[in-house]
> 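I am attaching a structure below and will ask some questions about it afterwards.
Fair warning: this is a prediction, and the values are worked out from it, not measured in the lab. Residue numbers count from 1 along this sequence.
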Amino acid sequence: MIEVKDIIKSYDGLRVLDEASLTINDGEFLSIVGPSGAGKTTLLQIIGSLEAPDSGKVIYDGTDIVKMKEAQLAAFRNRNMGFVFQFHQLLPEFSMAENVAMPAMIGGMGRKEAMERAAELLDGLGLGRRLTHRPNQLSGGERQRAAVARALINDPKVILADEPSGSLDSHNREELYRLFFDLRSTTGKTFIIVTHDESLACNSDRVIHMADGRIIDDIHSI
């Protein structure tokens with residue numbers, strides 16, 4: 001369970017999160033929606049420990065990660081969280097398999113084992129023949145599937161995604177959503193996704209609506 005309590009965050013005197021609080025259950029598929037500037041991405045980054053709040057708590061299974069020192073937090077993030085970004089953030093100088101394996105190697109796994117694990121994940125996502133290709137040799141949909149594989153490499157409890165379909169065409173967007181829901185069904189992982197796409201949000205377990213740095217609605221699907 002993830003508990004977000006009274007998060008406040010400001011940039012240059014502008015408050016972008018104003019006492020945001022929510023609880024996310026294990027295995028839940030949660031979408032965060034709202035207009036641009038509502039604070040969605042900032043909230044996601046704080047839940048994912050990529051940003052620190054000015055005040056408030058982010059509690060994973062009883063542990064407040066806000067209180068962790070940076071090295072401890074980095075190790076916790078590497079073990080427990082996987083990230084999927086809008087523009088995939090694959091490193092251009094590395095092969096797809098190397099990109100996917102990197103978080104595992106950072107976490108201490110040997111290169112051989114990490115590359116084998118990456119190949120297994122990529123094969124399961126239909127990319128087994130593209131292991132040695134670099135990102136610029138892949139389609140947008142292939143790059144985003146590789147980003148999903150990278151997010152899964154350390155078998156994290158939580159997948160966090162920021163507008164993951166924003167750069168995809170309609171076909172690849174539907175494929176990505178199907179992949180997310182299939183993964184949730186087969187792995188039981190928690191998904192927290194910032195999105196403008198109503199078709200994704202309406203199929204989520206819950207939809208959090210934000211405006212002006214506040215959570216204004218919390219809707220459970222029926």
Side-chain angles (χ1 to χ4, degrees), residues 26-31 41 44-45 47-50 74-195 197 199-200 203-204:
D26 292 341
E28 198 164 32
F29 198 112
L30 180 79
S31 288
T41 292
L44 186 80
Q45 290 175 336
I47 293 172
S49 76
L50 299 175
F76 182 91
R77 184 191 306 125
N78 181 263
R79 290 193 309 270
N80 293 283
M81 305 174 198
F83 298 89
V84 182
F85 302 99
Q86 179 174 350
F87 296 105
H88 57 75
Q89 306 286 24
L90 299 174
L91 298 175
E93 64 270 30
F94 294 102
S95 70
M96 182 166 60
E98 288 171 329
N99 268 283
V100 172
M102 202 163 296
M105 290 188 284
I106 290 171
M109 187 181 292
R111 177 181 172 83
K112 182 175 184 294
E113 183 181 358
M115 291 294 285
E116 288 174 353
R117 171 69 173 151
E120 179 183 347
L121 282 168
L122 288 165
D123 188 56
L125 296 177
L127 296 171
R129 296 183 179 182
R130 310 283 272 167
L131 301 180
T132 60
H133 288 66
R134 295 191 176 183
N136 65 0
Q137 298 173 299
L138 306 172
S139 69
E142 288 172 332
R143 288 194 292 269
Q144 203 60 308
R145 276 185 282 161
V148 172
R150 180 183 58 193
L152 294 170
I153 189 74
N154 286 334
D155 193 25
K157 295 179 180 179
V158 183
I159 303 294
L160 303 103
D162 188 6
E163 296 287 1
S165 63
S167 63
L168 301 179
D169 59 30
S170 59
H171 171 74
N172 282 307
R173 184 165 59 246
E174 290 173 7
E175 288 290 321
L176 181 66
Y177 294 167
R178 188 176 301 115
L179 174 60
F180 280 165
F181 285 110
D182 286 348
L183 285 169
R184 197 280 295 271
S185 296
T186 58
T187 67
K189 296 185 187 303
T190 303
F191 279 78
I192 307 170
I193 300 181
V194 165
T195 183
D197 195 316
S199 67
L200 174 60
N203 286 296
S204 302

> Rounded to the nearest 0.5 Å, what separation is found between the OG1 atom of T186 and the CZ atom of F181?
13.0 Å
> Please tell me if the side chains of N136 and P92 come closer than 4.5 Å, counting only heavy atoms from C-beta onward.
no
> Checking the side chain of K189 only, and the main-chain atoms of G27 only, is there a donor and an acceptor separated by less than 3.5 Å?
no
> Find out whether V100 and L90 are in side-chain contact, i.e. whether some heavy atom of one side chain is under 4.5 Å from a heavy atom of the other.
no
> Any side-chain heavy atom of N154 sitting closer than 4.5 Å to one from R79?
no
> To the closest 0.5 Å, what do you measure between CZ (R178) and CG (N203)?
11.5 Å
> Please check this pair: side chain of R150 against backbone of Q89, looking for a donor-acceptor N/O pair closer than 3.5 Å.
yes
> If you apply the rule salt bridge (charged side-chain N to carboxylate O under 4.0 Å, His left out), what do you find for E113 with R117, and how did you get there?
CA-CA 6 Å; E113 183 181 358; R117 171 69 173 151; over 6 Å; no
> Answer yes or no: is there a side-chain heavy-atom contact under 4.5 Å between P135 and M96?
no
> F180 and A161: which non-hydrogen atoms are nearest, and at how many Å?
CZ-CB, 4.5 Å
> Would you kindly say whether S49 and R77 are connected by a side-chain donor-acceptor distance under 3.5 Å?
yes
> In Å, rounded to the nearest 0.5 Å, how long is the span from CZ of R134 to CZ of R143?
15.0 Å
> Do you know the tightest heavy-atom contact between I47 and M81?
O-CE, 4.0 Å
> Would you give the length of the straight line joining atom OG of S139 to atom CG of L127, rounded to the nearest 0.5 angstrom?
8.0 Å
> Do V148 and L121 have side chains that get closer than 4.5 Å, going by heavy atoms?
no
> Between the side chain of E174 and the main-chain N/O of H171, is any donor-acceptor distance below 3.5 Å?
no
> Would you check if M115 and R111 make a side-chain contact, meaning some heavy-atom pair closer than 4.5 Å?
yes
> How about T195 and S31: do any of their side-chain heavy atoms sit closer than 4.5 Å?
yes
> Within this structure, what is the CG-CZ distance for the pair L160 and F85, rounded to the nearest 0.5 Å?
9.0 Å
> Mark yes or no for whether E163, through its side chain, and D197, through its backbone, hold a donor-acceptor pair below 3.5 Å.
no
> Can you give me the closest heavy-atom contact between A104 and A114, atom names plus distance?
CB-CB, 3.9 Å
> Hey, are the side chains of F191 and E28 touching, using non-hydrogen atoms and a 4.5 Å cut-off?
no
> Check whether N78 reaches the backbone of P103 with its side chain - one donor and one acceptor, N or O, closer than 3.5 Å.
yes
> Quick check against the 3.5 Å criterion: does R130 have a side-chain atom that pairs as donor or acceptor with the backbone of Q137?
yes
> Quick one: pull up OH in Y177 and CD1 in I193 and give me the separation to the nearest 0.5 Å.
8.0 Å
> Quick check: closest heavy atoms across L179 and R145, and the distance to 0.1 Å?
CD2-CG, 4.1 Å
> If I compare all heavy atoms of A119 with all of L131, which pair ends up nearest, and what's the gap?
CB-CD1, 3.8 Å
> Determine whether E142 and H133 satisfy the following criterion, side-chain contact (heavy atoms from CB on, under 4.5 Å), listing intermediate values before the conclusion.
CA-CA 11 Å; E142 288 172 332; H133 288 66; over 6 Å; no
> Regarding D26 and T190, do their side chains bring together a donor and an acceptor under 3.5 Å, going by distance alone?
no
> Is there a donor-acceptor pair closer than 3.5 Å between any side-chain N or O of N99 and the backbone N or O of F94?
yes
